[in-house]
Undergrad: 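One structure, pasted below without further comment.
Computed from a predicted structure; not experimentally measured.
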Amino acid sequence: MTKQYDNQVLVSGRYFTEQELQDVKEIIRMFPKLSLTELANTVCENLDWVTPNGRNKTASLDLQGF
């Protein structure tokens, strides 16, 4: 579920700032040949977005909308 509040977007329990969303777009632009899985892992690593057990929270990402 995605909601927007005060220039932030809520995605799967985390608020993302406009700058973080721009960073995601830049990662996608810089690495257009990565698979969605590789892109999701790269985004999670750069944003330090992990599950409670320390794994990248890739299941929460839908990068096709970027």
Side-chain angles (χ1 to χ4, degrees):
M1 175 176 244
T2 303
K3 294 182 181 180
Q4 188 166 353
Y5 298 102
D6 297 325
N7 294 328
Q8 293 186 346
V9 175
L10 176 64
V11 179
S12 190
R14 176 176 170 171
Y15 285 97
F16 290 88
T17 65
E18 185 65 33
Q19 181 58 56
E20 288 173 320
L21 296 175
Q22 290 301 319
D23 292 346
V24 170
K25 290 178 183 180
E26 181 66 10
I27 290 168
I28 294 168
R29 187 193 66 74
M30 289 174 59
F31 304 105
K33 295 187 180 200
L34 290 181
S35 69
L36 284 178
T37 299
E38 292 169 316
L39 275 172
N41 279 311
T42 301
V43 167
C44 286
E45 289 169 10
N46 281 276
L47 297 178
D48 195 30
W49 196 23
V50 295
T51 63
N53 67 3
R55 292 186 170 190
N56 288 340
K57 199 163 181 179
T58 55
S60 299
L61 289 176
D62 177 10
L63 298 175
Q64 293 179 351
F66 279 89

Undergrad: Go through the steps to decide whether T17 and Q8 satisfy the test side-chain contact (heavy atoms from CB on, under 4.5 Å), and finish with yes or no.
TA: CA-CA 5 Å; T17 65; Q8 293 186 346; 3.9 Å; yes
Undergrad: To the nearest 0.5 Å, what is the distance between OG1 on T42 and CG on N56?
TA: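 Here the rounded value is 9.0 Å.
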Undergrad: Any pair with a residue in residues 40-55 that passes salt bridge (charged side-chain N to carboxylate O under 4.0 Å, His left out), sequence neighbours left out, goes on the list, sorted by first then second residue, please.
TA: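 Residue pairs with at least one partner in residues 40-55: there are none.
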Undergrad: Rounded to the nearest 0.5 Å, how far does CG of N46 lie from CG of N41?
TA: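 Spacing of CG (N41) from CG (N46) equals 11.0 Å.
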Undergrad: I'd like to check F16 versus L47 (side-chain heavy atoms, cut-off strictly below 4.5 Å). Are they in contact?
TA: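 When only atoms from C-beta onward are counted, L47 and F16 do touch, with a gap below 4.5 Å.
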Undergrad: Hydrophobic clusters here meaning ILVMFWY residues chained together by side-chain heavy-atom distances under 4.5 Å, can you tell me if Y15 and V50 are in one?
TA: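 Different clusters.
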Undergrad: Would you please name every residue forming a side chain to side chain donor-acceptor pair (under 3.5 Å) with D23, sequence neighbours left out?
TA: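 So D23 forms a side chain to side chain donor-acceptor pair (under 3.5 Å) with Q19.
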Undergrad: For the residue pair V11 and W49, what are the closest heavy atoms and their distance?
TA: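 Minimum heavy-atom contact is O-CZ2, 3.6 Å.
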Undergrad: Atom CG in L36, atom CD1 in I28: separation rounded to 0.5 Å?
TA: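 The distance works out to 8.5 Å.
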Undergrad: Starting from the C-alpha separation in whole Å, work towards a yes-or-no answer on side-chain contact (heavy atoms from CB on, under 4.5 Å) for T37 and T58.
TA: CA-CA 8 Å; T37 299; T58 55; over 6 Å; no
Undergrad: Is there a donor-acceptor contact under 3.5 Å linking the side chains of Q22 and E26?
TA: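 No, E26 and Q22 have no side-chain donor paired with an acceptor closer than 3.5 Å.
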